[in-house]
Amino acid sequence: MIRHLSVVILAALALAACGDDGRLDPLSAPTIAPSTTVVATTSVPDDGEPPATSVPPTTDPDAAPPPTTVPPPTTTLPAAFDRAAARAELAAARERWAASAPFAYRLRYAPVCFCPRQELEVLVLDQVRIASSTAEYPWGHVYDWFGEIELAIETAYLVEVSYDERGVPTSLWIDEDPMMADEEHGMELLELTPVDEVLAELFTDDYPCGEGFWAATPTQQAALLIPLRTGDAEVTAGTDDLATVENAELRLGHDLMANWCDDVIEPGEPEPDVTASWAIVGGTITVEIDDAAGTATAELRRVVARRSDGTEVLLGDATITNDAWAVYAG
């Protein structure tokens with residue numbers, strides 16, 4: 001209504017300034033100073049309700065800032081998943097795996113990331129990675145995965161994981177930070193197969209020397225040692241109980257066969273690092289000796305080792321050859 005009244009007043013002023021011919025008379029036209037500001041303080045609309053009073057912005061530097069409806073910025077993001085439930089699921093999976101985990105197993109999985117897909121294979125013996133298709137990827141066995149999941153539950157923005165009936169993680173997806181791109185990662189389980197014939201499948205490298213039989217995994221992280229000569233006693237062919245062989249043992253560690261049958265260790269050469277030693281307490285050994293060829297063969301059947309915690313593990317059967325029978329260093 002006010003706009004209409006202003007238009008009428010301005011039109012009347014314009015007509016008053018015009019002559020008889022309707023042209024604007026510059027002498028009678030009203031003048032408005034450029035700095036003049038007209039402020040309407042109140043007005044009554046058609047419905048009769050008084051309008052809200054508009055308050056011009058203040059220029060007082062000491063005045064408090066006007067209230068705002070925009071919340072202050074924050075770097076703390078709400079939890080994207082139920083961390084308590086994730087912890088409980090992980091604990092239950094660990095219990096199932098501890099009750100069913102095989103002594104040795106072959107593991108195939110594919111890392112999931114913003115990278116070319118690759119399939120990795122790992123051989124695990126008593127939760128130690130003894131062989132792998134890559135040395136770069138850190139996850140060597142199921143307990144490694146549990147550790148990765150546990151850390152992610154406490155620190156990552158989002159963790160999605162599935163477990164099978166054995167407690168093995170079958171898929172994992174970790175989003176560390178939703179504000180970052182391409183840092184998400186995880187894994188997909190392809191296959192986990194127990195290794196029943198541990199000696200035959202894993203201890204593939206023979207180490208001939210002296211009068212005994214020695215074999216190790218290709219990485220020298222596990223080794224089987226069966227020394228037969230004790231003092232001056234002659235070693236003869238035949239079948240014996242492995243439990244009667246002194247110092248027969250399975251070792252775990254690193255570089256276990258380094259400098260084997262060598263009485264001189266050159267500078268910079270590695271030395272065996274034994275982290276665990278288990279006695280051989282069961283099984284049989286059948287020895288055949290060819291003195292003319294200087295070779296001997298041992299047929300091992302149902303070899304049993306006693307672990308550090310007192311439990312016994314069936315290692316299976318194996319054939320070990322010594323092509324340097326009765327040959328010693330020096």
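The analysis underlying the following values was restricted to heavy atoms, covering all of them including side chains, and did not include hydrogens, waters or symmetry mates.
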Enquirer: Assess, by modelled atom type and distance only, whether the side chains of Thr297 and Glu288 contain a donor and an acceptor separated by less than 3.5 Å.
Expert: no
Enquirer: Hey, which of Leu189, Leu90, Asp164, Val142 is the one that makes side-chain contact (heavy atoms from CB on, under 4.5 Å) with Pro169?
Expert: Val142
Enquirer: Using a strict threshold of under 4.0 Å (side-chain N to carboxylate O), is an ion pair present between Glu201 and Arg106?
Expert: yes
Enquirer: Taking C-beta and beyond as the side chain, do Pro272 and Met257 meet within less than 4.5 Å on heavy atoms?
Expert: no
Enquirer: How about Gln221 and Arg251: do any of their side-chain heavy atoms sit closer than 4.5 Å?
Expert: no
Enquirer: A side-chain contact here means heavy atoms from C-beta on lying under 4.5 Å apart; do Asn247 and Ile226 qualify?
Expert: no
Enquirer: Taking C-beta and beyond as the side chain, do Val195 and Phe103 meet within less than 4.5 Å on heavy atoms?
Expert: no
Enquirer: Looking at Glu154 and Arg87, is any side-chain nitrogen of the basic one under 4.0 Å from a carboxylate oxygen of the acidic one?
Expert: yes
Enquirer: Is there a path of hydrophobic side-chain contacts, each under 4.5 Å between heavy atoms of I, L, V, M, F, W or Y residues, that connects Tyr143 with Trp145?
Expert: yes
Enquirer: Does atom CZ of Arg302 have more than 12 heavy-atom neighbours, drawn from other residues, nucleotides or ligands, at distances under 6.0 Å?
Expert: no
Enquirer: Could you tell me how the ring of Tyr163 sits relative to the ring of Phe146: parallel (under 30°), tilted (30 to 60°) or perpendicular (over 60°)?
Expert: tilted
Enquirer: Find out whether the Lys NZ or Arg CZ of Arg307 is both under 6.0 angstrom from the six-membered ring centre of Trp278 and within 45° of the ring's axis.
Expert: yes
